[in-house]
Amino acid sequence: MPLLDLSRQYATIRTEVLAAIERVCDSQQYILGPAVQDFETRAAQFIGVKFCIGCASGSDALFLALAAAGIGPGDEVLTSPLSFFATASSITRVGARPVFADIDPETYNMDPVSVQSSVEHRVRLKAIIPVHLYGQCADMDAFSRIAAQFKLVLIEDAAQAFGATWRGRHAGTLGDLACFSFYPSKNLNAFGDAGAVTTYDENLAARVRVLRVHGSRERYYHEEIGWNSRLDSIQAAILSVKLKYLEKWNAQRQQHAETYGKLFRGAGLAGSDSPIGLPKTHANASHVYHQYVIRAQRRDELRKFLSDRGIGSEVFYPVPLHRQKCFDYLGYGEGSFPIAEAAAREVLALPMFAELTEEELRTVVDAIAAFYS
Ligand SMILES: *Cc1c(COP(=O)(O)O)cnc(C)c1O
């Protein structure tokens with residue numbers, strides 16, 4: 001059983017998706033046509049935000065959001081060391097410098113106390129990017145307060161969290177700007193690369209809209225330098241179909257997470273002396289389980305054991321961002337963020353997608369119980 005089997009989802013929506021693709025082909029409007037506007041409207045409605053601007057990927061969404069907020073050379077941007085590479089590389093892509101703060105050991109999201117202490121005395125710091133890791137919103141009460149106190153732009157990296165909430169409000173409505181990825185492995189996914197930026201701010205929305213088409217409002221007249229980062233019409237049409245089912249799929253993921261928990265408890269693996277730790281959800285957050293991530297003793301051995309039994313798993317992420325070779329110049333080292341470093345050694349994502357069966361979940365839990373027995 002793989003970590004993610006997209007073919008099962010495809011089987012359930014194949015006719016509808018192919019019809020949507022056919023409509024785009026029949027219209028011959030491949031670039032920023034009605035299919036893109038339609039998805040942007042539906043996505044904004046779903047999230048409950050004013051503006052949604054489609055773009056070419058989640059990485060570009062981060063880059064466009066930072067650029068639209070005016071972040072550039074000489075500025076610093078604070079984010080989590082336990083995230084996908086693009087969270088940090090987008091900061092360098094606008095010419096700014098990444099700064100990290102340690103994470104909370106239970107949610108794996110940035111720890112407000114660590115953020116507060118690294119924000120103080122940093123005169124060049126202009127923005128913070130909390131990451132809603134694995135599909136659980138970061139503590140946006142704390143980060144909104146810190147952003148307001150220090151006049152920082154607050155950008156959500158919501159690439160893994162479409163549909164997740166904080167105090168009942170969706171990811172994508174909780175900062176000045178938010179960035180989504182529709183990469184095939186994400187919980188809302190396209191048939192290729194795709195992404196989006198959301199915001200309530202009309203000026204920021206207009207800026208992202210212009211920057212994704214070469215910085216021009218009128219074709220061939222460029223007020224500023226922008227790039228080509230549009231959402232393809234075909235991808236938008238596919239996403240509009242999938243968006244109709246997202247609530248159901250997210251609920252199924254949550255159901256599977258509950259079942260995993262029940263089975264682990266049944267196997268005696270949920271206590272405080274257990275060799276594994278189950279995912280924990282903050283009281284103010286709802287978790288959409290983009291990934292179901294446990295903490296595991298002898299993690300790499302367990303991973304091999306599961307793989308030998310045909311069970312897929314993955315490590316998100318084996319090297320924290322401050323330990324990546326390309327970021328040596330930032331001057332961090334082993335021990336700079338011990339909680340993120342421990343997580344990188346211990347986390348393991350187990351199979352998680354809407355179409356999993358209870359029998360498959362049982363197979364995973366039985367194999368893990370066998371490993372530790
Ligand atoms: C996937 C992801 C991205 C990048 O999105 P792409 O669409 O792959 O460019 C950025 N941040 C996080 C947290 C991600 O998971």
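In each ligand, atom 1 is the first atom listed, and ligand 1 is the first ligand listed.
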Distance-only N or O hit between ligand 1 and Ser83, under 3.5 Å: no

Which of the ligand 1 atoms, numbered from 1, are nearer than 4.0 Å to a heavy atom of Asp157: 10 (C), 11 (N), 12 (C), 13 (C)

Atom 7 (O) of ligand 1: the protein heavy-atom neighbour that sits closest, reported with distance to 0.1 Å: Ser181 OG, 2.6 Å

Contact (N/O only, under 3.5 Å) between Ser59 and ligand 1: yes

Geometric class of the His282/Trp166 ring pair [parallel <30°, tilted 30-60°, perpendicular >60°]: tilted

Side-chain H-bond candidate by donor/acceptor type, His256 with Glu358, under 3.5 Å: no

Val131 and ligand 1 - part of the residue with a heavy-atom distance under 4.0 Å: side chain

Parallel, tilted or perpendicular, as decided by the 30° and 60° cut-offs, for the rings of Phe337 and Phe100: perpendicular

Short N-O contact, Arg295 and Glu346, less than 4.0 angstrom: yes

Parallel, tilted or perpendicular, as decided by the 30° and 60° cut-offs, for the rings of Tyr108 and Tyr134: perpendicular

Arg253 to Tyr289 six-membered ring, cation-pi geometry met (6.0 Å, 45°): no

Options Phe316, Tyr317, Tyr183, ranked by nearest heavy atom to atom 8 (O) of ligand 1, top entry: Tyr183

Distance-only N or O hit between ligand 1 and Asp60, under 3.5 Å: no

Asp193, any N or O under 3.5 Å of ligand 1 N or O: no

Check: Gln116/Glu120 side-chain N/O donor and acceptor closer than 3.5 Å: yes

Atom 3 (C) of ligand 1 [closest protein heavy-atom partner, distance rounded to 0.1 Å]: Phe84 CD2, 3.6 Å

Gly58 N/O under 3.5 Å from ligand 1 N/O: yes

Nearest atoms (heavy-atom pairs only) where Gly172 meets Glu156: N-OE1, 2.8 Å

Heavy-atom nearest neighbour of atom 15 (O) of ligand 1 within options His290, His132, Lys186: Lys186

